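Accompanying notes for the structure given below.
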Number of protein chains: 2
Amino acid sequence: MTQDRLFVASLEKAMTVLYTFSSGIQSQSLSEIAIASGLDKSAVQRFTHTLTKLGLLEKHEQTRRYSLGKKTLELSYFYLRADPLIERATPIVLALRQRCNERVNLSLFDDTTILYAIRQPSRHDYPGASLVGRRMPLHCTAGGRAIMAKLDEAHIDDILARSELTPLTPYTLLDPERIRAEVCKTRERGYALAVQESVPGELTLGAAIINAQRQPIAALHIAGSISDWSPADFEDKLAPLLLEAVHILNHNMRL
Amino acid sequence: MTQDRLFVASLEKAMTVLYTFSSGIQSQSLSEIAIASGLDKSAVQRFTHTLTKLGLLEKHEQTRRYSLGKKTLELSYFYLRADPLIERATPIVLALRQRCNERVNLSLFDDTTILYAIRQPSRHDYPGASLVGRRMPLHCTAGGRAIMAKLDEAHIDDILARSELTPLTPYTLLDPERIRAEVCKTRERGYALAVQESVPGELTLGAAIINAQRQPIAALHIAGSISDWSPADFEDKLAPLLLEAVHILNHNMRL
DNA sequence: ATTTTGTGTATTGCAATGCAATACAAAGAA
DNA sequence: TTCTTTGTATTGCATTGCAATACACAAAAT
């Protein structure tokens, strides 16, 4: 008997199968999924069979390899359409994108990470730069630090304790004290600046979006390239535009 | 004993619970989910409990209502990142968006529907216009007709037989013979034009993207507004740009 | 070309899991 | 305050999912 009698273990196994694709791999054989998931071969046979019937996986007839199915996109559509922040923020993101002529993103706060929900690209795109659903750590993203700046010290400590402080670039800050110092600066300014910490060559400004209880729920980001900007110019010219956009969003939240 | 001994019924029930949100509703109580899904109250208790633990649902502490969880976005990210068409098509979509200054979308072919995978907005956005994952019927979208134009008659008949031919606007074509006639015209021109058939006030051009076996897998769309364009001007000026972009995509596919 | 190995599919007895009936607590409505 | 509805907790039990196994097929090795 499991400890949690309400928990349906089959669903977790199905998610384990789907998350074997989190590495970015385009397709896998049944045996590869069994290895990657740690599940028994028969279990993988049942789950791949069922997930394929449900549209969450697709099986290539000739190669017998599995890829993620298009139903995965439909579920995210249901989410995005239902979240009132997305509808309210989209015109503001588009307007900010036009004004600053750089990439503008909106991310959602989720435990120790942010998760991109609106992505407006610019000419400096790189593969994956405009994909919704990408998850990034709070601690080394401008938007993540802006969110942390709105939390109390105990919550920040807990987040840092449960974060994998691994470098995404050679410039990623990893020392918790230095991260806390950046969060303090963010709290003072109302926005964060990150230089090449999550993506090489990228400058990012981020400011938190709060709910009616003044708790952070999301962040707005502007991303530019060090080949176009010095960090000082980037901050001087674009931070005011970012703060203006966020004020509009946060003001509407209180109504 | 069920007919399909490999099928894991619990996964289907979980999807049934998640699809109760396909109506666009922002949140639901446990009882509402039970009614909408047709499942027993205890089953809904178990599935909502488990889906919440897995991040696919979120439970509001005060109201005890459920909303879709952010994990739904992450699954779509895994899909979009893994599909090579998305990476290849994204710069072409951005370039076309710049050239024509209207909304440009890429959709994937999925049975009797298309499913938007890349959406580049313009100033004429309406709520939901830039959301990835939206599903639309083939028969009344320009991109859908462009895809159908690449299929044989038996396949088209099958699609029309299994489509819900319900009007999305007062202009939606519903007569299968008229739809087939539009598909024929599309086959001749290499693109389809739809006038207010799926969204009021919207003009759309669509052309099919094919794979190495010359089978349609996706479509590229340009969307504009009847307040800005006559249908004839829209077609004359933008169809050539669309065809050029699709030729680039289809040429790369053959390499 | 043949043999060996690995992978995918099919089957089935069985135990654990998910079911649903039920009771109770809590919240909301009258 | 009382009644009704909803959410949560519990538990006996039947069905479902497990996994061992066998076999077909494909791929690799000889």
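Since this is a predicted model, take the numbers as computed values, not measurements. Below, each value reflects all heavy atoms present in this structure, side chains not excepted, and no hydrogens, waters or symmetry copies.
- When the P atom of C:dA16 is taken as reference, atom CG of A:Asp40 falls 15 Å away, rounded to whole Å.
- Interface residues of residues 13-26 of chain B facing DNA chain C, ordered by number: B:Lys13; criterion, heavy-atom separation under 4.0 Å.
- Summarising the geometry, atom CG belonging to A:Leu57 is positioned 8.0 Å from atom OG1 belonging to A:Thr20; distances are rounded to the nearest 0.5 Å.
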Check nucleotides 10-15 of chain D against the protein and report each pair of N or O atoms closer than 3.5 Å, with its distance, or say if there are none.
unit_1 : atom_1 : unit_2 : atom_2 : d
D:dG12 : O6     : A:Arg5 : NH2    : 3.0

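- B:Phe47 has its CZ atom 14 Å from the P atom of C:dT17, to the nearest Å.
- Look at NE2 on B:His49: it is 11 Å from P on C:dG18, rounded to the nearest Å.
- Judged by distance alone, the side chain of B:Thr50 and the main-chain N or O of B:Phe47 form no donor-acceptor pair under 3.5 Å.
- Residues from residues 59-69 of chain B with heavy atoms under 4.0 angstrom of DNA chain D, sorted by number: B:Lys59, B:Arg64.
- The CG-P distance, from A:Leu30 to D:dA26, rounds to 16 Å in whole Å.
- In terms of phosphate contacts, A:Ser10 brings no side-chain nitrogen or oxygen within less than 4.0 Å of OP1 or OP2 of D:dT16.
- If you check distances only, the side chain of B:Lys41 does reach the base of D:dT8 with a donor-acceptor pair under 3.5 Å.
- Formation of a donor-acceptor pair under 3.5 Å by the B:Asp110 side chain with backbone atoms of B:Thr113 is not found in this model.
- One finds a salt bridge joining B:Arg65 and B:Glu32 here, because a Lys/Arg side-chain nitrogen approaches an Asp/Glu carboxylate oxygen to under 4.0 Å.
- No side-chain donor-acceptor contact under 3.5 Å links B:His60 and B:Ser67.
- Tested against B:Val44, the residues B:Thr16, B:Ile33, B:Ile35 include a single side-chain contact (heavy atoms from CB on, under 4.5 Å) partner, B:Ile33.
- The separation between B:Ile35 atom CD1 and D:dT6 atom C1' is 10 Å, rounded to whole Å.
- Nearest-nucleotide positions on DNA chain C for A:Val8 and A:Glu32 put A:Glu32 closer to the 5' end.
- For B:Ala9, the listed nucleotide lying nearest its side chain is D:dG17; candidates were C:dG8, D:dG17, D:dT6.
- Classification of the A:Tyr19-B:Phe78 ring pair by plane angle, with boundaries at 30° and 60°, yields perpendicular.
- We find that CZ of B:Phe7 is positioned 18 Å from C1' of C:dA10, with the value rounded to whole Å.
- Using cut-offs of 30° and 60° on the angle between ring planes, the pair B:His49 and A:Phe7 is perpendicular.
- The CG atom of A:Leu51 sits 13 Å away from the P atom of D:dG17 (whole-angstrom rounding).
- Going from atom CG of B:Leu165 over to atom CG of B:Leu160 covers 6.5 Å, rounded to the nearest 0.5 Å.
- We find that A:Glu164 and A:Arg135 are not joined by a salt bridge, their nearest charged nitrogen and carboxylate oxygen being 4.0 Å or further apart.
- Within the 4.5 Å cutoff, no side-chain heavy atoms of B:Phe109 are placed close to those of B:Gln215.
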